[in-house]
*Asks:* 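Structure below; questions to follow.
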Amino acid sequence: MTEMLKVSDVSVAYGRMTAVRNVSLSIDNGSISVIVGPNGAGKSTILRAIAGGIKPSKGHIEFDGQTIVGRRPEDLAASGISLVPEGRHVFPTLTVRENLLVASHVVRDRAGSLNDMERLLQLFPRLRERFSQTAGKLSGGEQQMLVIARALMTRPRLLLVDEPSLGLAPKIVDEVYELLLELRRERGLTLLINEQTSKRVLKFAETVYVLRDGSIRLKGSAQQLRLGTALSDAYFGSVSHHEAWTEEVDS
Ligand SMILES: Nc1ncnc2c1ncn2[C@@H]1O[C@H](COP(=O)(O)OP(=O)(O)OP(=O)(O)O)[C@@H](O)[C@H]1O
Ligand SMILES: [Mg+2]
């Protein structure tokens, strides 16, 4: 597989506080990678840095072999990088349809966008049912589907998804992930996903990065990490939580 995204030795600071330190990631075309890490580890900061929302204080980021540090989010979206931020921010007073079309200005092709929307609705039948309702009335799971669909309206090749399972019931989390897997299968989409807990993500991801206190503590295949104590050690910084972790992974 060819490398699509290369993050090399990136640090990001908010004022004097360094939130991410010397992080390197290598994301192959068509792969699914997950960054797991506790609250405040720096997961969102890394995705923001890749999507152009914040400029690293140090390091390089390359997309398709081109350096992208310093480029603006709109520009990166037009090049194929789209971020689904944490928190499911829909426009509550706009309809589902309007929420989707808001994103289409990046594409500048009205007819093409309407066509994209129609194809997306085939993948998201729940959104078709809700098409003319205001987004504020949707359930949490439906809103998560909507923000993912909205991000797809810019025709990304790399989709960055920040904590898609946060606050959703387990069954809905599985639905969201099934959808993400389908997007990879059908469109060859490359996925980089953040999650705070390990729950379920190890089932879906190929490569897992464990981030703690701004640094990558461990990288491995999900399969490898499901076994042994390396993952819980890296995540918690000690072996004492291992039992809690395996319980979570197996549930
Ligand atoms: N806009 C900001 N200004 C100042 N500090 C920030 C800002 N955003 C994040 N931080 C700090 O940077 C560190 C990393 O935050 P970040 O949001 O990237 O972590 P996270 O892993 O996404 O956490 P969570 O799981 O809670 O979403 C934290 O200490 C956080 O308080
Ligand atoms: Mg976050």
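When a ligand or atom number is given, it counts from 1 through the structure's own listing order.
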*Asks:* Do me a favour and list the nearest non-hydrogen protein atom to atom 10 (N) of ligand 1 with residue, atom name and distance?
*Replies:*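 The protein heavy atom lying closest is Tyr14 CE1, 3.4 Å.
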
*Asks:* Asn99 vs Val96, test: side-chain contact (heavy atoms from CB on, under 4.5 Å). Steps then yes/no.
*Replies:* CA-CA 5 Å; Asn99 267 272; Val96 167; 5.6 Å; no

*Asks:* Taking the side chain as C-beta and beyond, is there a heavy-atom pair between Thr134 and Leu94 under 4.5 Å?
*Replies:*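 Heavy-atom side-chain distance check fails, nothing below 4.5 Å.
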
*Asks:* Ignoring angles and geometry beyond distance, decide whether Gly40 reaches within less than 3.5 Å of ligand 1 through its nitrogen or oxygen atoms.
*Replies:*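 Yes: some nitrogen or oxygen of Gly40 is under 3.5 Å from one in ligand 1.
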
*Asks:* With no hydrogens and no angle check, do the side chains of Glu195 and Ser165 hold a donor and an acceptor under 3.5 Å apart?
*Replies:*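 Note: Glu195 and Ser165 side chains meet the donor-acceptor criterion.
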
*Asks:* Between the main-chain N or O of Asn22 and the side-chain N or O of Ser11, is there a donor-acceptor pair closer than 3.5 Å?
*Replies:*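 Yes; judged by distance alone, with no hydrogens or angles, the pair exists.
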
*Asks:* A quick test of your reading: do over 12 heavy atoms of other residues, nucleotides or ligands sit less than 6.0 Å from NZ of Lys58?
*Replies:*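 Correct, the count exceeds 12.
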
*Asks:* Could you check if a side-chain atom of Leu159 sits within less than 4.5 angstrom of a side-chain atom of Leu152, using non-hydrogen atoms only?
*Replies:*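 Of all side-chain heavy-atom pairs linking Leu152 with Leu159, at least one is under 4.5 Å.
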
*Asks:* Less than 4.0 angstrom from a charged side-chain N to a carboxylate O is my criterion; do Arg128 and Glu118 meet it?
*Replies:*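 A salt bridge links Arg128 with Glu118.
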
*Asks:* Below 4.0 Å from any atom of ligand 1, is there a heavy atom belonging to Gly37?
*Replies:*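 Outside the 4.0 Å threshold, so no.
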
*Asks:* Looking at atom 17 (O) of ligand 1, what's its closest protein heavy atom, distance included?
*Replies:*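 In this structure, atom 17 (O) of ligand 1 has Ser44 CB, 3.9 Å as its nearest protein heavy atom.
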
*Asks:* Should you measure from each heavy atom of Glu163, which atoms of ligand 1 turn up under 4.0 Å away?
*Replies:*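 Reading through ligand 1 atom by atom, the close ones are 24 (P), 25 (O), 27 (O).
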
*Asks:* Let me check your reading of the structure: within less than 2.8 Å of the Mg ion (ligand 2), is there an N/O/S atom from Ser44?
*Replies:*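 Checking Ser44: at least one N, O or S atom is under 2.8 Å.
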
*Asks:* Evaluate the side chain to side chain donor-acceptor pair (under 3.5 Å) criterion for residues Glu62 and Thr67: first the C-alpha distance (whole Å), next the side-chain angles of each, then the deciding distance (0.1 Å), finally the verdict.
*Replies:* CA-CA 4 Å; Glu62 286 176 21; Thr67 181; over 6 Å; no

*Asks:* Just to confirm my output: which protein heavy-atom neighbour is closest to atom 19 (O) of ligand 1, and how far is it?
*Replies:*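 For atom 19 (O) of ligand 1, the nearest protein heavy atom is Gly42 N, 3.1 Å.
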
*Asks:* Show which atoms of ligand 1 fall inside a sub-4.0 Å distance from at least one heavy-atom site of Thr45.
*Replies:*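 This gives 14 (C), 15 (O), 16 (P), 18 (O) as the contact atoms.
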
*Asks:* Check ligand 1 against Arg48 and write out every atom of the ligand that is under 4.0 Å from a heavy-atom position of the residue.
*Replies:*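 Close to Arg48: 8 (N).
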
*Asks:* Any idea which part of Lys43 is under 4.0 Å from ligand 1, heavy-atom wise: side chain, backbone, both or neither?
*Replies:*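 Both the backbone and the side chain of Lys43 come within reach of ligand 1.
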
*Asks:* Which of the atoms of ligand 1 are close to Gln196, meaning less than 4.0 Å from one of its heavy atoms?
*Replies:*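 Reading through ligand 1 atom by atom, the close ones are 24 (P), 25 (O), 26 (O).
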
*Asks:* Measuring to protein heavy atoms, does anything land under 4.0 Å from atom 24 (P) of ligand 1?
*Replies:*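 At least one protein heavy atom is under 4.0 Å away.
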
*Asks:* Nearest protein heavy-atom contact for atom 26 (O) of ligand 1: which residue, which atom, what distance?
*Replies:*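 Heavy-atom neighbour on the protein nearest atom 26 (O) of ligand 1: Asn39 OD1, 3.3 Å.
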
*Asks:* Taking NZ, NE, NH1 and NH2 as the nitrogens, is one of them in Asp213 or Arg21 under 4.0 Å from a carboxylate oxygen of the other?
*Replies:*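 No, Asp213 and Arg21 are not salt-bridged.
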
*Asks:* Identify whether the distance between the nearest side-chain nitrogen and carboxylate oxygen of Arg184 and Glu206 falls below 4.0 Å.
*Replies:*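 Yes, this pair counts.
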
*Asks:* Tell me, which N, O or S atom in Glu86 is closest to the Mg ion (ligand 2)?
*Replies:*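 The Glu86 atom nearest to the Mg ion (ligand 2), restricting to N, O or S, is OE1.
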
*Asks:* Tell me whether Ala41 has any N or O atom under 3.5 angstrom from an N or O of ligand 1.
*Replies:*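 N/O-N/O distance under 3.5 Å: yes.
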
*Asks:* Should you measure from each heavy atom of Met17, which atoms of ligand 1 turn up under 4.0 Å away?
*Replies:*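 Atoms satisfying the 4.0 Å criterion: 11 (C), 12 (O), 13 (C), 29 (O).
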
*Asks:* What are the atoms of ligand 1, with element, lying closer than 4.0 Å to any heavy atom of Glu86?
*Replies:*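 Atoms satisfying the 4.0 Å criterion: 27 (O).
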
*Asks:* Look at the side chain of Gln143 and the backbone N and O of Ala135, then say whether any donor-acceptor pair between them is shorter than 3.5 Å.
*Replies:*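 Yes; judged by distance alone, with no hydrogens or angles, the pair exists.
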
